[in-house]
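Residue numbers count from 1 along this sequence. Because the structure is a prediction, the values reported are computed rather than measured.
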Amino acid sequence: FRLSTLPGEQAQVDWGSFGSIEIGAARRPLSCFVMVLSWSRAIFARFVLDQTLESFVRCHVAAFEAFGGVPRTLLYDNLKAAVLERVGDVIRFNPRLLDLAGHYHFAPTPVAVARGNEKGRVERAIRYIRESFFAARSFHTVQHLNRQLEEWTLQIAHARIVPGDIHKRTVADALEQERPRLLPMPAHPFACDFVKPIASGKSPYIRFDGNDYSIPHTLARKPLTLVASDSVVRVLDGELVVARHARSYERGRQIELEQHLEALATDKRRAREHRGRNRLAAACPSATAFLEKVALHGGHLGGTTTRLLHLLDQYGA
């Protein structure tokens with residue numbers, strides 16, 4: 001049967017895979033999140049570098065903002081971000097998706113098994129993007145690609161006539177009619193950041209998504225919280241932000257803040273000086289009194305300690 005919907009009733013959601021993209025020395029998969037309003041056929045699409053749950057949720061929020069409201073039902077294929085387990089009609093949804101649905105008041109609905117026609121509008125939209133927009137498209141970055149996609153959506157995809165519409169309305173006109181029928185946006189957007197308890201090893205770095213990010217060396221091996229958006233990686237000690245980095249989508253990089261390196265170097269210098277003085281004091285009973293006199297007369301303790309250690313190595317106590 002041909003399926004029909006009312007304005008504001010339903011949207012269909014799916015991922016499209018578009019090969020891969022090189023970022024520095026790394027190669028990342030290129031995916032496109034697509035949401036289609038079933039009545040007006042308005043499209044929201046965004047290219048991302050993974051199909052993680054965080055990207056899935058983040059793209060939902062961006063789609064609702066672009067449409068200016070929320071459809072009452074969102075139709076999904078049985079993808080892992082939406083459905084964790086299914087036995088016949090018994091479905092266990094991803095709890096994160098249910099949190100999102102509760103925040104925006106929509107009903108997540110998976111299609112029936114082997115009923116691809118139920119979400120044919122989003123599948124056709126992905127094919128339309130692949131053939132009309134992406135084919136032979138040149139771009140420098142994912143951000144550049146998404147800017148071109150936004151222009152194409154407004155100027156081409158939403159300028160076409162709604163398929164099968166007897167009134168010959170454009171998608172843009174139909175969207176304007178459908179927008180008042182969508183559920184209103186909540187007062188605050190849903191928190192989309194990836195959050196994870198984390199701790200570093202011996203070195204003051206935490207690893208996330210294939211890269212190492214610096215933290216204050218005093219917090220090495222201590223329990224911390226990592227909070228990552230699509231552009232920023234933050235590290236929290238309790239509620240205090242102790243590190244903030246631009247997120248990298250390369251792999252194997254070491255991303256550092258200058259103040260973390262300077263604090264570590266200063267601490268190491270002090271530690272070397274203290275270790276040197278302790279060694280002198282253990283080897284020469286008069287070393288402590290001698291260094292006190294050097295300090296009293298304005299001498300350079302670090303340089304004096306280094307020279308005395310050389311003498312100790314060369315001639316003994």
Side-chain angles (χ1 to χ4, degrees), residues 21-28 49-50 52 54 140-141 143 193-317:
I21 180 175
E22 284 188 6
I23 301 179
R27 181 167 284 278
R28 293 267 186 172
L49 296 170
D50 55 42
T52 60
E54 284 68 38
H140 310 302
T141 62
Q143 292 78 11
D193 290 348
F194 173 77
V195 180
K196 178 185 177 182
I198 200 165
S200 72
K202 293 179 181 179
S203 58
Y205 295 89
I206 56 99
R207 172 151 286 201
F208 171 63
D209 196 20
N211 296 296
D212 292 327
Y213 296 86
S214 70
I215 60 172
H217 67 282
T218 53
L219 297 176
R221 293 184 169 181
K222 292 186 178 179
L224 302 168
T225 304
L226 178 124
V227 181
S229 71
D230 58 339
S231 58
V232 176
V233 174
R234 293 180 294 148
V235 182
L236 279 64
D237 181 14
E239 295 184 356
L240 179 67
V241 178
V242 296
R244 184 184 183 92
H245 300 273
R247 181 171 177 175
S248 172
Y249 285 93
E250 296 185 45
R251 293 194 189 276
R253 280 200 60 202
Q254 198 163 280
I255 298 107
E256 299 164 328
L257 293 178
E258 193 63 35
Q259 58 264 38
H260 293 164
L261 300 181
E262 289 175 357
L264 178 59
T266 301
D267 209 38
K268 280 194 160 190
R269 280 195 297 271
R270 288 174 183 161
R272 280 197 299 270
E273 289 176 11
H274 285 302
R275 283 197 299 270
R277 288 177 208 165
N278 290 341
R279 186 179 164 213
L280 284 174
C284 310
S286 60
T288 300
F290 179 81
L291 289 172
E292 286 176 358
K293 293 293 184 182
V294 170
L296 185 63
H297 291 283
H300 188 272
L301 280 178
T304 303
T305 301
T306 301
R307 288 194 294 275
L308 287 173
L309 287 170
H310 285 317
L311 291 171
L312 179 63
D313 292 337
Q314 201 166 1
Y315 298 109

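A distance of 9.0 Å separates CG of L309 from CG of L311, quoted to the nearest 0.5 Å. Remark: L224 CG to K196 NZ distance equals 12.5 Å, nearest 0.5 Å. Atom NE2 of residue H260 and atom CG of residue L257 lie 4.5 Å apart, to the nearest 0.5 angstrom. Atom CD1 of I215 is separated from atom NE2 of H245 by 8.5 Å, given to the nearest 0.5 angstrom. Between atom CG of residue L301 and atom CD of residue E292 there is a gap of 10.0 Å, rounded to the nearest 0.5 Å. Note that the CZ atom of R251 and the CG atom of D209 stand 5.5 Å from one another [nearest 0.5 Å].
Listed by chain and number, the residues in a side chain to side chain contact (heavy atoms under 4.5 Å, CB included) with Q143 are T141, R147 (sequence neighbours excluded). Remark: E256 pairs with Y205, S214, Q254, L261 by the side chain to side chain contact (heavy atoms under 4.5 Å, CB included) rule, at least two apart or across chains.
Nearest heavy-atom pair across R28 and L49 is CB-CD2, 4.1 Å. In terms of heavy atoms, A317 sits closest to C284 at O-SG, 4.0 Å. Residues G201 and R221 share a closest heavy-atom pair of O-CG, 3.3 Å. What you find for S200 and A220 is that their closest heavy atoms are OG-CA, 3.2 Å. Closest heavy-atom contact between A199 and I206: C-CG2, 4.5 Å. When every heavy atom of T288 is checked against every heavy atom of A281, the shortest pair comes out as OG1-CB, 3.6 Å.
At least one donor-acceptor pair under 3.5 Å links the side chain of R247 to the backbone N or O of S229. Listed for the T225 side chain is no donor-acceptor partner under 3.5 Å among the backbone atoms of P197. Without hydrogens or angle criteria, N211 side chain to E250 main chain gives a donor-acceptor distance under 3.5 Å. Under a 3.5 Å cut-off, the side chain of Y249 and the backbone N or O of D230 do form a donor-acceptor pair.
Ring geometry for F208 against Y213 counts as tilted: the plane angle lies between 30° and 60°, on a 0 to 90° scale.
The stretch residues 299-317 participates, sequence neighbours left out, in these salt bridge (Lys or Arg N to Asp or Glu O under 4.0 Å) pairs: R279-D313.
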**Asked** Which is it for F194 and L226 under the side-chain contact (heavy atoms from CB on, under 4.5 Å) test, yes or no, and what are the steps along the way?
**Response** CA-CA 8 Å; F194 173 77; L226 178 124; 3.8 Å; yes
**Request:** List the steps and the verdict of side-chain contact (heavy atoms from CB on, under 4.5 Å) for D212 and I255.
**Result:** CA-CA 6 Å; D212 292 327; I255 298 107; over 6 Å; no
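Side-chain contact between L291 and L308: present, with at least one pair of heavy atoms (C-beta onward) separated by less than 4.5 Å. Between L280 and T305 the shortest side-chain heavy-atom distance falls below 4.5 Å. Contact check for F290 versus T304: side-chain heavy atoms found under the 4.5 Å cut-off. Here the side chains of V242 and L219 are in contact, with some heavy-atom distance below 4.5 Å.
Around atom CZ of R244, no more than 12 heavy atoms belonging to other residues, nucleotides or ligands sit under 6.0 Å away.
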